[in-house]
Amino acid sequence: GPEVRVTTRGVMAAARAAAGSDDRSLLPMQLQSSDSESSDVEAAATAAASRASGRNNVIVVSVLVTCCLALATVAAAALAWGPSPAPRRPQLRHLNEFDNALKGKGRAASHPGAYVTNSPETKLFQWGEPARSVQEAFDDTFPNGTGWQSVRFAEGGDTTWTPEAIVRWVDDELVHGADPFAAQGTGIVPVPFSAPGYAQCQLAPGQFVAYSRRQLCYIVAKSLMGCPTVGYNNGLLRFMDQKVDGTSIFVPSQEGEVPRLAGFGRAWWQQLTTCAADPGLASGGQGSLVLIAVSGPEEPSVNDVRNEAKKSFLSSAGLRVCRYDDGSDGSVPEGIEAVPEEGCRQPTAAGPGRDFMTGGLVGQAVVDITAGWLGGYINTNAAGIGGGQDERLMTYMPEVLTLAFFLSQAPGQWPQVRAPAWVLGARRLALGLDGTCRWDSRIELDSDLELTSDIVTVKLNDVEYDVSAASPFLGFYSKSQDWGGNPGLNRRNKDPGQRSVDPEVWYSFDQQVQAYYRAVSLSNYADELQPVLRELVKSLGTGPWGAGLWFGDSQIAFLASWIAHAAAKSTWDGTTLLPKGESLPLDYYIYSAFTENPSNQCFVHGSSKCQACLDRCAEKPLPESAFWLPEDYYMKPSSTFPCVVSQPDDCGTHGFEDVVEAYKHKRASDLWNDLVEALGKSNPDTSRSVFDILLDG
């Protein structure tokens with residue numbers, strides 16, 4: 001299929017020719033790339049023409065030449081202005097900025113949002129013909145309007161978004177209105193192309209890409225209409241139309257359903273509705289930026305992390321705790337800082353309270369306990385709500401879902417962006433979600449959704465952009481993914497494999513610390529992105545990372561998180577010595593019934609608090625819709641009872657607060673070394689808890 005490659009060397013040659021100069025230093029910073037491909041404009045156009053034929057020949061060449069001439073004109077004009085300052089990383093590609101400069105605007109004071117990436121290459125793909133109209137796509141998801149929720153947003157003007165209103169907006173103003181990708185060409189979509197040989201997704205380690213909110217909604221609308229990206233087999237369209245098969249590991253009741261016709265289809269239409277209501281998209285506006293970034297390019301070794309832990313005090317991790325319906329009144333132990341009330345409120349009989357999954361604390365990032373790829377195992381396994389935390393978040397944050405699948409054409413079952421990955425600017429669109437997922441089948445659009453008050457301006461390579469600060473998202477996995485073990489033991493934290501400290505074992509404690517550090521350390525992301533992350537992310541909210549559906553030990557998972565967070569913290573504030581973690585505190589949420597591995601997290605408490613937590617889960621078990629467990633992980637035969645069935649000695653003497661009190665003034669490496677030594681001596685004896693072994697010897 002036709003594609004256009006936009007590279008910078010050809011553009012630079014044309015720009016120098018137009019300006020009558022061969023001095024690279026006189027070009028604007030976006031054209032001073034040292035890693036561009038070796039073709040010039042004329043050769044690129046000729047090659048494109050020779051590859052294409054018939055109608056496609058005209059499209060490919062005209063788009064390429066138009067882009068190159070426009071960029072050359074801007075570069076020539078730049079010579080008259082004088083040299084631009086050198087960038088931190090010159091490989092940033094931002095085509096819309098050139099378009100604005102052409103119009104005499106120079107650098108806008110604040111860009112509302114546009115395609116931008118640090119990938120060394122962008123390819124432009126044509127949209128294919130639609131398989132259905134906008135109206136038909138809507139009717140497929142909401143037959144006769146069934147299931148549609150008309151809504152009027154507090155920050156979205158006076159329109160009530162009925163079925164007729166949303167179809168009209170999508171059809172007239174989005175699909176057939178001004179092309180949001182007009183700066184790149186007509187009828188195309190730009191896609192970053194990763195390093196050669198990296199086939200999992202379009203973002204190689206260390207790369208990022210951003211689209212405007214209008215551009216992202218345009219991609220969703222075209223995909224719901226069945227429009228392919230010709231020459232690029234994107235995972236989004238494949239996922240939308242792929243039936244849940246008969247071997248679904250999550251929700252057998254959804255067998256045969258198609259995502260765009262079921263729960264995920266409703267989520268995508270909710271995304272389109274928020275775009276229609278967003279004042280930033282009025283009159284053809286692009287709206288704010290939504291960005292996804294992958295960790296890399298180099299993965300820190302365990303030794304690298306150990307060295308950082310030697311320099312880091314655990315007190316600098318800024319640990320804050322929320323006890324969320326864990327069998328207590330919510331009070332945190334003395335000496336432990338509580339998560340602020342805006343981010344920690346107890347649920348009621350009517351619905352969720354406030355936790356890191358519902359949001360509410362400004363700048364608190366939600367940690368998604370994902371697989372090796374964003375979105376988890378929903379492809380072929382779920383058409384809507386189901387599975388674990390990762391899969392459920394995709395329904396409530398469909399912009400994350402859209403990016404995760406659109407940016408991969410990997411063959412096979414998992415065409416998704418690889419983790420660890422940040423998503424910035426995405427919003428939680430609906431009500432009903434918390435860490436328990438007890439009410440998550442609600443999926444009710446939030447009429448109080450922030451559409452303007454959540455916008456902040458950030459600077460990316462000296463260009464300002466509008467971005468929603470409401471819901472930063474970080475997806476990463478623990479190294480215990482698919483490690484196995486004995487179900488009857490590991491749900492009680494009694495499996496020797498959970499306590500491995502052997503550096504040669506791929507899921508050992510060292511590997512868990514390294515996995516957390518790799519995801520959270522700011523230095524593992526592109527240099528130009530780091531100030532943006534600092535601006536938007538104010539704390540990190542997490543539950544039982546490492547002890548969800550990978551069935552790790554919840555005490556070990558807490559310790560790995562605390563150690564790694566302290567070690568990573570210095571990359572956010574430049575020092576390891578801040579006493580209370582002034583930047584990026586770790587907000588740790590404790591549940592009696594988290595949606596993954598319900599009640600296992602109770603074991604981070606000691607004695608009576610642990611038992612009260614276990615009892616709470618048993619007294620108020622989650623409904624079947626709120627969780628998923630493999631069949632052999634249920635602890636009552638022929639039962640749907642989700643909670644841990646404990647033995648008398650399962651709750652240890654010490655709780656997490658005892659460990660914090662003992663180590664809060666010590667270095668992260670001290671706790672790491674002490675734990676490895678203690679478990680190395682005691683394993684495979686798991687009769688006592690990890691905390692008891694650590695503190696009592």
Side-chain angles (χ1 to χ4, degrees), residues 140-143 146-147 235-236 238-268 357 368-398 401 404-405 412-416 430 432-443 477 481-482 484-485 487-488 490-491 548-551 593-600 617 620-645:
D140 282 349
T141 307
F142 303 98
T146 302
L236 179 64
R238 288 155 56 189
F239 172 61
M240 281 187 172
D241 286 315
Q242 198 158 38
K243 288 184 178 180
V244 175
D245 64 27
T247 61
S248 172
I249 62 173
F250 287 152
V251 276
S253 62
Q254 295 182 16
E255 181 179 344
E257 290 188 8
V258 174
R260 74 173 178 86
L261 309 183
F264 287 118
R266 291 189 286 275
W268 282 310
M357 295 273 282
D368 174 22
I369 310 173
T370 188
W373 44 85
L374 294 190
Y377 290 87
I378 55 177
N379 196 34
T380 74
N381 285 312
I385 282 290
Q389 180 218 19
D390 188 25
E391 292 79 11
R392 293 167 191 271
L393 272 169
M394 296 301 104
T395 310
Y396 279 76
M397 300 186 73
L401 171 65
F405 278 87
Q413 196 173 4
W414 316 121
Q416 293 148 258
L433 184 67
D434 69 355
T436 72
C437 297
R438 189 182 297 274
W439 299 273
D440 71 355
S441 56
R442 180 175 170 183
I443 320 178
Y477 59 98
Q481 180 174 342
D482 295 327
N490 61 37
R491 290 207 66 197
L549 286 174
W550 303 134
F551 301 105
F594 191 72
T595 182
E596 296 194 8
N597 198 5
S599 80
N600 171 267
C617 186
K620 192 182 175 184
L622 296 176
E624 288 184 63
S625 62
F627 71 95
W628 174 83
L629 284 170
E631 288 186 6
D632 52 347
Y633 279 76
Y634 286 99
M635 300 191 72
K636 288 186 177 180
S638 303
S639 172
T640 58
F641 183 72
C643 307
V644 172
V645 178

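Numbers here are sequence positions counted from 1. This structure is a prediction, so every number in the text was calculated from the model and none was measured.
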Is there a side-chain contact between [X] and [Y] (heavy atoms, below 4.5 Å)?
{"X": "Glu596", "Y": "Trp550", "answer": "no"}
{"X": "Leu393", "Y": "Leu433", "answer": "yes"}
{"X": "Glu391", "Y": "Phe250", "answer": "yes"}
{"X": "Lys243", "Y": "Glu257", "answer": "no"}
{"X": "Ile378", "Y": "Leu401", "answer": "yes"}
{"X": "Ile443", "Y": "Tyr396", "answer": "yes"}
{"X": "Leu629", "Y": "Phe551", "answer": "yes"}

Donor-acceptor pair, distance only, cut-off 3.5 Å: does the side chain of [X] make one with the backbone of [Y]?
{"X": "Trp373", "Y": "Gly376", "answer": "yes"}
{"X": "Gln254", "Y": "Ala382", "answer": "no"}
{"X": "Arg392", "Y": "Gly387", "answer": "yes"}
{"X": "Thr436", "Y": "Thr595", "answer": "no"}
{"X": "Arg266", "Y": "Gly147", "answer": "no"}
{"X": "Arg438", "Y": "Pro621", "answer": "yes"}
{"X": "Thr141", "Y": "Arg260", "answer": "yes"}
{"X": "Asp390", "Y": "Ile369", "answer": "no"}
{"X": "Asn381", "Y": "Ile249", "answer": "yes"}
{"X": "Gln416", "Y": "Leu374", "answer": "yes"}

Going by atom types alone, do Asn379 and Gln242 pair a side-chain donor with an acceptor below 3.5 Å?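 Yes, side-chain donor-acceptor contact under 3.5 Å.
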Atom pair [atom1] ([X]) and [atom2] ([Y]), whose distance is rounded to the nearest 0.5 Å:
{"X": "Cys643", "Y": "Leu622", "atom1": "SG", "atom2": "CG", "result": "6.5 Å"}
{"X": "Met240", "Y": "Leu261", "atom1": "CE", "atom2": "CG", "result": "10.5 Å"}
{"X": "Phe641", "Y": "Ser599", "atom1": "CZ", "atom2": "OG", "result": "7.0 Å"}

Which of parallel (below 30°), tilted (30 to 60°) and perpendicular (above 60°) describes Phe405 and Phe239?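 Phe405 vs Phe239 ring planes: parallel.
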Is the Tyr634 ring parallel, tilted or perpendicular to the Phe627 ring (thresholds 30°, 60°)?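 Judged by the thresholds at 30° and 60°, the geometry between Tyr634 and Phe627 is perpendicular.
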Is it true that atom CD of Glu624 has more than 12 heavy atoms of other residues, nucleotides or ligands lying nearer than 6.0 Å?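 It does not: Glu624 CD has 12 such atoms or fewer within range.
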Taking all heavy atoms of Gly485 and all of Pro487, pick out the closest pair and write down the distance.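 Smallest heavy-atom distance, with atoms named: O-CD, 3.4 Å.
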